Number of protein chains: 2
Amino acid sequence: MAVTLRDVAERAGVSVRTVSNVVNGFQHIAPATRARVQAALEELNYRPNLVARSLRQGRTGIIMLVLPEINVSYFGELAHEVVDYASSVGCTVQIDESGGDPQRERALLETIAQASWVDGVLFSSLGLRGVDLAGLAGGRPMVLLGERTARTSLDHVGIDNVEAARQAVAHLAGRGRTRIAALGGSGGARDATSKYRLKGFRLGMRAAGLDPEGRYLRTADYRRGSAATAVRELLAWPERPDALFCFSDELAAGALRELHEQNVRVPEDMAVIGFDDIEASRFSTPSLSSVRPDKAGIAQAAVDTLLARLDDPAGAVREVSVAHELVVRESSGSA
Amino acid sequence: MAVTLRDVAERAGVSVRTVSNVVNGFQHIAPATRARVQAALEELNYRPNLVARSLRQGRTGIIMLVLPEINVSYFGELAHEVVDYASSVGCTVQIDESGGDPQRERALLETIAQASWVDGVLFSSLGLRGVDLAGLAGGRPMVLLGERTARTSLDHVGIDNVEAARQAVAHLAGRGRTRIAALGGSGGARDATSKYRLKGFRLGMRAAGLDPEGRYLRTADYRRGSAATAVRELLAWPERPDALFCFSDELAAGALRELHEQNVRVPEDMAVIGFDDIEASRFSTPSLSSVRPDKAGIAQAAVDTLLARLDDPAGAVREVSVAHELVVRESSGSA
DNA sequence: CTGTTAGCGCATTCAA
DNA sequence: TTGAATGCGCTAACAG
């Protein structure tokens, strides 16, 4: 069996209270006592039972991070930042995947509401609307990551997708492209991310004196494999695009591949820009221009916001907008 | 405050024992009582406190997964499989990162020994030797993932790296390549993965009647960014290689990029094969040949092995070898 | 400065 | 079939 405070107390000939004090680094302890307890602690190789401690304190220090899929590069990189920052503030991260499926997201939230060992949840939803989420959290502190789909009582951390998308389009237009197309997501209410990026796309097009209508193509998801058919379709448009704004770097990677197969040169015949700036994009051929969200900033803001919410459950709803940046590489170089 | 068993018991006019029985689905309960308790349960929206339950039962259902970095594609994909399978057997996954640094791995294990809410640990080490690990686990069940560095008392799940590497080399030789080079890791005792892959490289070379000596180049790590300088060096060899076996797909991706910059055609001038078969490899230009470990198989075996160890702490040490497969794509197509 | 003790919420043994 | 009571290991309020 595991050695308990009580065992140590007996060994050292003191009370559990004193041992607890030593373990937790309390100040006012007689040096002699402290030394004796320390010795007993080490002789018995005492390890505090964190479950018991958590039961007592009501906090576990465990943050749950819900993502569509951890194997998707962007989410992997985001998770990395979250784990990294969380550990620096003494928290560990539990990861769950929703698969981006609203039904599974819902089921997961049911579980979360019960999984009462997590102090709070960072939820990166693709399918559920904020209003749905709020009700499902089961009163547990939750911060929404990515896009907020509707007015809700939940804290939210994300970037300005509209502005970021607008800048991407402005960049393409600035390089002389006039037949710009956008690609990714559903563009509708169900997928807020693409909705806002599409909005930014339209703003950017109009600002450049271009007509955005009929220049957007949906995809089933944001993965590499979903780009190929879309790209073929887009190449068959009567007015073939000379630039492509993909709503994720993975889509852009899939697009680069398909463009290669169709013998379309990038950037000469088609400029391409992605979104997320995943690491692979720096090394692709051609290297991929992208919108880079400050992932570390998102992670930090998310964890901080969650911790603040834990301390003040009734505080005002927080809305944090994190920085982003345009990264220009070969794929959108001047033709 | 949260609703407890006691609250429900009062409400239903029964004892906590009875409520507990209903919650846990015990059989012998009078239908009338059960109905009354059920009603109270729902009216009060009772959620069991899992921390308290865990304290009582001694198990949390939390598995800790320790990886070098979750943002590295291979580990992201592996984590995905682990989370997926673990959830199917009722476990949640807590992720920690070691950064691949032996010192941090050691520190992390100290924490693990204390973090007594995890039932067991899946440890994918890069730097520490198995013998070191065994002592540090603090008696907590631990399964080693990837490579086992030394005889140890720990369970281990991995693929046959020697054979996999041998096959990769045989494939290149089979395509008529004679000046094959290997790239990645330290090749030494500190990095068992590259040690075994290097061993397989040598076996494959000799089997093809080629001399493996002096045809291996180390890298600082397995990331894309570490390939460039190595590739430049390798291109300057007196007998310039016509094939490159990279010990990871990320290295291979970095190599493809650098080869492109140096105007070396792939596969015409240089065949390239990687290791891990990450998703990006299917879509790169050229698409990348690779050794594909059965990641789902690894995840499943790892979790199963850990659970078995939990049930039988004294059982025989398990050594599981999971399947792998060679995936041939453009980068190693015949010249 | 340190000992005693009451719970945290739950599962469970002993009675009834 | 159900109630009362114990304790998992710990922290903290209350003494002394």
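Here is the naming used below: chain letters follow the sequence lines, and residue numbers restart at 1 for every chain. The basis for the numbers below is simple: all heavy atoms, side chains too, and nothing from hydrogens, waters or symmetry mates. Just so we're clear, the structure is a prediction, and the values are computed from it rather than from any experiment.
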>> Need one value for B/R53: base, sugar-phosphate or nothing, where a base atom within 4.0 Å counts as base even if backbone is also close, heavy atoms only.
In response: sugar-phosphate
> How close or far is atom C1' of D/dC10 from atom CZ of A/R59, stated in whole angstroms?
Replying inline: 17 Å
>> Please pick, from C/dG3, D/dC10, C/dA11, the nucleotide with the shortest atom-to-atom distance to any side-chain atom of B/Q57.
In response: C/dA11
> Using a cut-off of 4.0 Å on non-hydrogen atoms, how would the nucleic acid contact of B/V14 be classed: base, sugar-phosphate, or nothing?
Replying inline: sugar-phosphate
> What is the distance from CG of A/D7 to C1' of D/dG9, rounded to the nearest Å?
Replying inline: 10 Å
>> Rounded to whole Å, how long is the line connecting atom CZ of B/R56 with atom P of C/dG7?
In response: 19 Å
> Is the shortest side-chain N/O distance from A/T18 to OP1 or OP2 of C/dC1 below 4.0 Å?
Replying inline: no
> Side chain of B/T33: nearest nucleotide among D/dT2, D/dG9, D/dC8?
Replying inline: D/dT2
> Got a donor-acceptor contact below 3.5 angstrom from the A/H156 side chain to the A/G146 backbone?
Replying inline: yes
> side chain to side chain contact (heavy atoms under 4.5 Å, CB included) with B/L122: which of B/L144, B/L67, B/V157, B/L65?
Replying inline: B/L65
> Which part of the nucleic acid, if any, lies within contact of A/L5, taking any heavy atom under 4.0 Å across all strands shown: a base, the sugar-phosphate backbone alone, or nothing?
Replying inline: base
> Can you tell me if the side-chain N/O atoms of B/S20 get under 4.0 Å from OP1 or OP2 in C/dA11?
Replying inline: yes
>> So if I take every side-chain heavy atom of B/R17 and compare against D/dC10, C/dC1, D/dA4, which nucleotide ends up nearest?
In response: D/dA4
> Just to confirm, is there a sub-4.0 Å distance from OP1 or OP2 of D/dC8 to any side-chain nitrogen or oxygen of A/T4?
Replying inline: no
>> Output the rounded distance in Å from CG (B/N21) to P (D/dT1).
In response: 11 Å
> What nucleotide among D/dT2, C/dT5, C/dT2 has an atom nearest to a side-chain atom of A/V16?
Replying inline: C/dT5
> Rounding to a whole Å, what distance do you find between B/E10:CD and D/dT2:P?
Replying inline: 18 Å
>> Rounding to an integer number of Å, can you tell me how far B/N49 CG sits from C/dG9 C1'?
In response: 6 Å
> Is there a side-chain contact between B/V143 and B/R309, using heavy atoms and a 4.5 Å cut-off?
Replying inline: no
> Judged by atom type as modelled, is there a donor-acceptor pair below 3.5 Å linking the side chain of B/T305 to the main-chain atoms of B/A301?
Replying inline: yes
> Base, sugar-phosphate alone, or nothing: which one does A/L55 contact when heavy atoms must sit under 4.0 Å apart?
Replying inline: base
>> Measuring from the side chain of B/N24 (C-beta onward, heavy atoms only), which nucleotide among D/dC10, D/dC14, C/dA11 has the closest atom?
In response: C/dA11
> To the nearest Å, how far apart are B/W117 CH2 and C/dC10 C1'?
Replying inline: 19 Å
>> Under 3.5 Å, is there a donor on one side chain and an acceptor on the other for A/D7 and A/Y46?
In response: no
> Just how far, in rounded Å, is P of D/dG9 from OH of A/Y46?
Replying inline: 10 Å
